[in-house]
Trainee: 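One structure follows; several queries about it will come next.
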Amino acid sequence: FVGRLFVKALGKPSDILRKLTEMAGFTPDEEIELYEEIKFEPNVMCEHIDKKLTFRASQLEDGDIVCFQKSPKADSGTQVRYPDIPSFLEYVHNRQVVHFRSLEKPKDDEFCLELSKLHTYDDVVERVARQLGLDDPAKIRLTSHNCYSQQPKPQPIRYQGVEHLLDMLVHYNQTSDILYYEVLDIPLPELQFLKTLKVAFHHATKEEVVIHSIRLPKNSTIADVIIDLKTKVDLSSPTAELRVLEVFYHKIYKIFPLHEKIENINDQYWTLRAEEVCKTNDVPEEEKNP
């Protein structure tokens, strides 16, 4: 903001050019371009002003805002991000500083990036990957912020599942400035065809419980989970059989049949427990006949 001017309705912008250059601290002979800022919200509207028309002919009235800039030099080889006032106002209007947090440390800001609300999904993950020094942006997975719980949302953002940054930040009628990120070991498009389950393995003779991550195609079954789990754990015998149960607060709610598909199994709220199936001939004689 450089000041206010009173002008004649039938005067022309060309009459006040010298005064404007003086107010801005430009040299008196500096060529300038004029624009009218019609509105800033909800969208930017800014139109070029013809310096040869009268203020009345340009529909400029009391209180209207006139913005001006140095005229771009045609022979200048300098590249600028925002070459004119409309593009700069669009930048200011859509500018968004986002605080990024590691999903493993959801309370602490790791870094901030100045982005545009109009940036696409690909734009955002590319900027995050560049900040982290990661070659493949597809290995970045983002999660939105829940403005009410002040926690990450339960489900991450799917690969290219939203169009713009603003869609990632809006939660009902509120807009957040926080996003959570993860660095994956495989690209997210590949991971989305897989299902990862956390299974707590209870050994038949040991008290220690070990959590294993089982990653399989979504059309896999519980039988496939057991086959994969057997390669990761020590069994009491090579022929030991396993079963998988759904547990909540130490209470068994379900024993999964071997043919059940894993795609719809939710391990966010339920605990998946794997244990050896006790065979009848393994039970001590005194327990069979109390």
Trainee: Return the set of residues passing ring pair (Phe, Tyr, Trp, His ring centres under 6.0 Å) with Phe68 (not counting sequence neighbours), or none when no residue passes.
Mentor: none
Trainee: Please report the shortest heavy-atom distance between Ser213 and Thr196, naming the atom on each side.
Mentor: CB-CG2, 4.4 Å
Trainee: For Asp228, enumerate each residue passing the salt bridge (charged side-chain N to carboxylate O under 4.0 Å, His left out) test, keeping only those at least two apart in sequence or located in another chain.
Mentor: Lys232
Trainee: Please list, chain by chain and in numerical order, all residues satisfying salt bridge (charged side-chain N to carboxylate O under 4.0 Å, His left out) with Glu37, sequence neighbours excluded.
Mentor: none
Trainee: Consider only side-chain N and O atoms of Tyr121 and Glu126, and report whether a donor and an acceptor are under 3.5 Å apart.
Mentor: no
Trainee: Could you tell me which residues satisfy salt bridge (charged side-chain N to carboxylate O under 4.0 Å, His left out) with Glu110, sequence neighbours excluded, listed by chain and number?
Mentor: none
Trainee: Do other residues, nucleotides or ligands put more than 12 heavy atoms under 6.0 Å from Glu30 CD?
Mentor: yes
Trainee: Does the structure place the NZ or CZ of Lys70 under 6.0 Å from the centre of the six-membered ring of Phe26, at an angle of no more than 45° from the ring's axis?
Mentor: yes
Trainee: Distance-only, no hydrogens or angles: does the Arg101 side chain make a donor-acceptor pair with backbone N or O of Pro106 under 3.5 Å?
Mentor: yes
Trainee: Please list, chain by chain and in numerical order, all residues satisfying ring pair (Phe, Tyr, Trp, His ring centres under 6.0 Å) with Phe55, sequence neighbours excluded.
Mentor: none
Trainee: Ignoring hydrogens and geometry beyond distance, is a side-chain donor-acceptor pair present between Asp122 and Gln160 at under 3.5 Å?
Mentor: yes
Trainee: Do Ser236 and Glu276 meet the criterion of a side-chain donor-acceptor pair at a distance under 3.5 Å?
Mentor: yes
Trainee: Check salt bridge (charged side-chain N to carboxylate O under 4.0 Å, His left out) between Lys254 and all other residues, then give those that pass, not counting sequence neighbours.
Mentor: Glu260
Trainee: In terms of the angle between their ring planes, are Tyr35 and His48 parallel, tilted or perpendicular, with boundaries placed at 30° and 60°?
Mentor: perpendicular
Trainee: Side chains of Asn146 and Gln150 only: does a donor on one sit below 3.5 Å from an acceptor on the other?
Mentor: no
